[in-house]
A.B. asks: 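The structure's right below; bear with me while I get my questions together.
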Amino acid sequence: MKLTLKIWRQKNAADEGRMASYELDGVSPDMSFLEMLDVLNERLILDGEDPVAFDHDCREGICGMCSLVIDGTPHGPEKATTTCQLHMRKFRDGDAITIEPWRARAFPVIKDLVVDRSAFDRIIQAGGYISAPTGSAPEAAALPVPKEDANDAFDAATCIGCGACVAACPNASAMLFTAAKITHLGLVPQGQPERYDRVTAMVDQMDAEGFGGCTNTGECTAVCPKGIPFETISRLNADLLKAVRG
């Protein structure tokens with residue numbers, strides 16, 4: 001395959017940035033999207049040019065590092081798929097592909113396609129810890145959890161914190177991410193002692209980081225690679241209302 005890649009290049013946070021165009025030939029349809037960028041960078045290095053900086057780690061779709069907006073869609077055209085698991089067979093020979101970083105005030109660009117997502121870490125940190133009783137280990141069935149609650153908690157816990165929800169939201173809201181982190185603890189017995197303190201602290205931190213407000217457009221769930229359901233935000237709002245009313 002021969003492709004035209006239009007990639008956002010930005011030297012640092014102070015740089016205005018620009019779109020740069022590259023022609024890349026010999027791309028195998030079996031390559032992952034990140035492998036294709038590796039091939040581009042190998043060529044740029046051989047040509048004495050600065051390679052394109054982009055985030056990646058596990059390349060197995062479970063870490064959330066590969067944060068790219070591809071042709072206007074976070075993680076690209078395939079649903080429930082991270083960028084690292086997107087393969088070039090989803091594109092056609094001769095395609096022009098636009099590649100940009102997450103666009104959000106709370107995710108400042110560090111270089112090229114790499115953004116600072118430490119705001120997510122601070123939201124999690126604001127939630128604090130769960131109470132952990134000391135002593136001997138309890139019996140496995142000492143704290144029974146209803147199957148439906150266990151399933152919903154597990155679904156929320158699959159959030160990998162990639163930030164696609166923020167990148168897709170017209171308000172750059174982090175509600176889906178924050179709701180997932182609140183929900184997976186709020187549905188199990190171990191998370192109950194700090195449940196309402198947790199939700200107020202995490203929502204306050206989310207607002208302090210500069211994320212926008214949620215207006216229920218649903219773009220977040222449409223691009224979430226783990227399919228976090230929209231109802232997760234409803235659970236956050238219900239807990240927050242209870243916490244505020246005391």
Side-chain angles (χ1 to χ4, degrees), residues 1-59 61 63-78 81-121 160-174 177 209-212 219 223 225:
M1 299 167 63
K2 184 175 182 179
L3 303 170
T4 300
L5 305 176
K6 300 177 181 179
I7 303 176
W8 181 257
R9 303 303 307 264
Q10 186 171 338
K11 294 181 179 179
N12 51 52
D15 185 31
E16 289 187 359
R18 62 183 177 84
M19 296 298 294
S21 184
Y22 303 96
E23 299 292 332
L24 188 63
D25 205 350
V27 176
S28 168
D30 295 325
M31 286 181 181
S32 73
F33 200 87
L34 296 189
E35 288 172 333
M36 179 273 295
L37 289 180
D38 288 337
V39 171
L40 171 66
N41 278 343
E42 288 174 0
R43 197 197 77 184
L44 292 176
I45 291 170
L46 290 174
D47 291 343
E49 298 183 45
D50 190 27
V52 177
F54 61 93
D55 269 329
H56 64 93
D57 191 8
C58 74
R59 300 201 179 200
C63 75
M65 288 294 291
C66 51
S67 50
L68 300 179
V69 176
I70 302 168
D71 286 339
T73 302
H75 289 303
E78 190 169 8
T81 303
T82 53
T83 299
C84 63
Q85 293 293 293
L86 176 67
H87 286 80
M88 298 312 298
R89 65 180 70 97
K90 290 293 179 180
F91 302 91
R92 295 177 297 179
D93 183 37
D95 274 357
I97 305 173
T98 301
I99 310 169
E100 300 173 89
W102 287 172
R103 301 289 191 181
R105 182 188 302 173
F107 289 159
V109 174
I110 297 174
K111 183 178 180 180
D112 295 339
L113 305 174
V114 180
V115 300
D116 181 358
R117 286 174 289 180
S118 58
F120 272 7
D121 296 330
I160 56 178
C162 66
C165 50
V166 176
C169 177
N171 307 320
S173 173
F177 164 80
E209 294 293 342
F211 292 103
E219 295 294 330
V223 300

A.B. asks: Under the side chain to side chain contact (heavy atoms under 4.5 Å, CB included) rule, what do E35 and M88 come out as? Steps first, then yes or no, please.
C.D. replies: CA-CA 9 Å; E35 288 172 333; M88 298 312 298; over 6 Å; no

A.B. asks: Could you give the distance from CZ (F91) to CD1 (I97), rounded to the nearest 0.5 Å?
C.D. replies: 4.5 Å

A.B. asks: Let me see the working for L68 and L37 under side chain to side chain contact (heavy atoms under 4.5 Å, CB included), right down to the final yes or no.
C.D. replies: CA-CA 11 Å; L68 300 179; L37 289 180; 3.8 Å; yes

A.B. asks: Using the salt bridge (Lys or Arg N to Asp or Glu O under 4.0 Å) rule, take D71 and K90 through it: C-alpha gap first, then chi angles, then the decisive distance, then the call.
C.D. replies: CA-CA 12 Å; D71 286 339; K90 290 293 179 180; over 6 Å; no

A.B. asks: Checking L24 against M36 for the side chain to side chain contact (heavy atoms under 4.5 Å, CB included) test, could you report, in this order, the C-alpha distance in whole Å, the side-chain angles of both residues, the deciding distance, and whether it holds?
C.D. replies: CA-CA 9 Å; L24 188 63; M36 179 273 295; 3.8 Å; yes

A.B. asks: Checking H75 side chain against T73 main chain: does a donor-acceptor pair fall under 3.5 Å?
C.D. replies: no

A.B. asks: Please round to the nearest 0.5 Å and tell me the distance separating atom CZ of R18 and atom CH2 of W8.
C.D. replies: 9.5 Å

A.B. asks: Just how far is it from atom OG1 of T83 to atom CZ of F54, taken to the nearest 0.5 Å?
C.D. replies: 10.5 Å

A.B. asks: How long is the gap from NZ on K6 to OG on S21, to the nearest 0.5 Å?
C.D. replies: 6.5 Å

A.B. asks: Salt bridge (Lys or Arg N to Asp or Glu O under 4.0 Å), that's the test. Do R89 and D30 meet it? Break it down for me.
C.D. replies: CA-CA 6 Å; R89 65 180 70 97; D30 295 325; 3.3 Å; yes

A.B. asks: Extract all donor-acceptor atom pairs below 3.5 Å that involve side chains of residues 107-118 and protein atoms in other chains or at least two apart in sequence.
C.D. replies:
residue: K111; atom: NZ; partner: D50; partner atom: OD2; Å: 3.1
residue: D112; atom: OD1; partner: R9; partner atom: NE; Å: 3.1
residue: D112; atom: OD1; partner: Q10; partner atom: N; Å: 2.9
residue: D112; atom: OD2; partner: R9; partner atom: NE; Å: 3.3
residue: D112; atom: OD2; partner: R9; partner atom: NH2; Å: 3.2
residue: D112; atom: OD2; partner: A53; partner atom: N; Å: 3.0
residue: D116; atom: OD1; partner: S118; partner atom: N; Å: 2.9
residue: D116; atom: OD1; partner: S118; partner atom: OG; Å: 2.7
residue: D116; atom: OD2; partner: S118; partner atom: OG; Å: 3.4
residue: R117; atom: NH1; partner: G64; partner atom: O; Å: 2.8
residue: R117; atom: NH1; partner: C162; partner atom: O; Å: 2.7
residue: R117; atom: NH2; partner: D55; partner atom: OD2; Å: 3.4
residue: R117; atom: NH2; partner: M65; partner atom: O; Å: 3.0
residue: S118; atom: OG; partner: R122; partner atom: NH1; Å: 3.1

A.B. asks: Look up atom CG in D47 and atom OH in Y22, then write down how far apart they are to the nearest 0.5 Å.
C.D. replies: 10.5 Å

A.B. asks: With a cut-off of 3.5 Å and sequence neighbours excluded, list every side-chain donor-acceptor pair involving residues 165-172.
C.D. replies:
residue: N171; atom: ND2; partner: G213; partner atom: O; Å: 3.0
residue: N171; atom: ND2; partner: T215; partner atom: OG1; Å: 2.8

A.B. asks: Could you pull out all residues at least two apart from T82 that satisfy side-chain hydrogen bond (donor to acceptor under 3.5 Å, both in side chains)?
C.D. replies: none

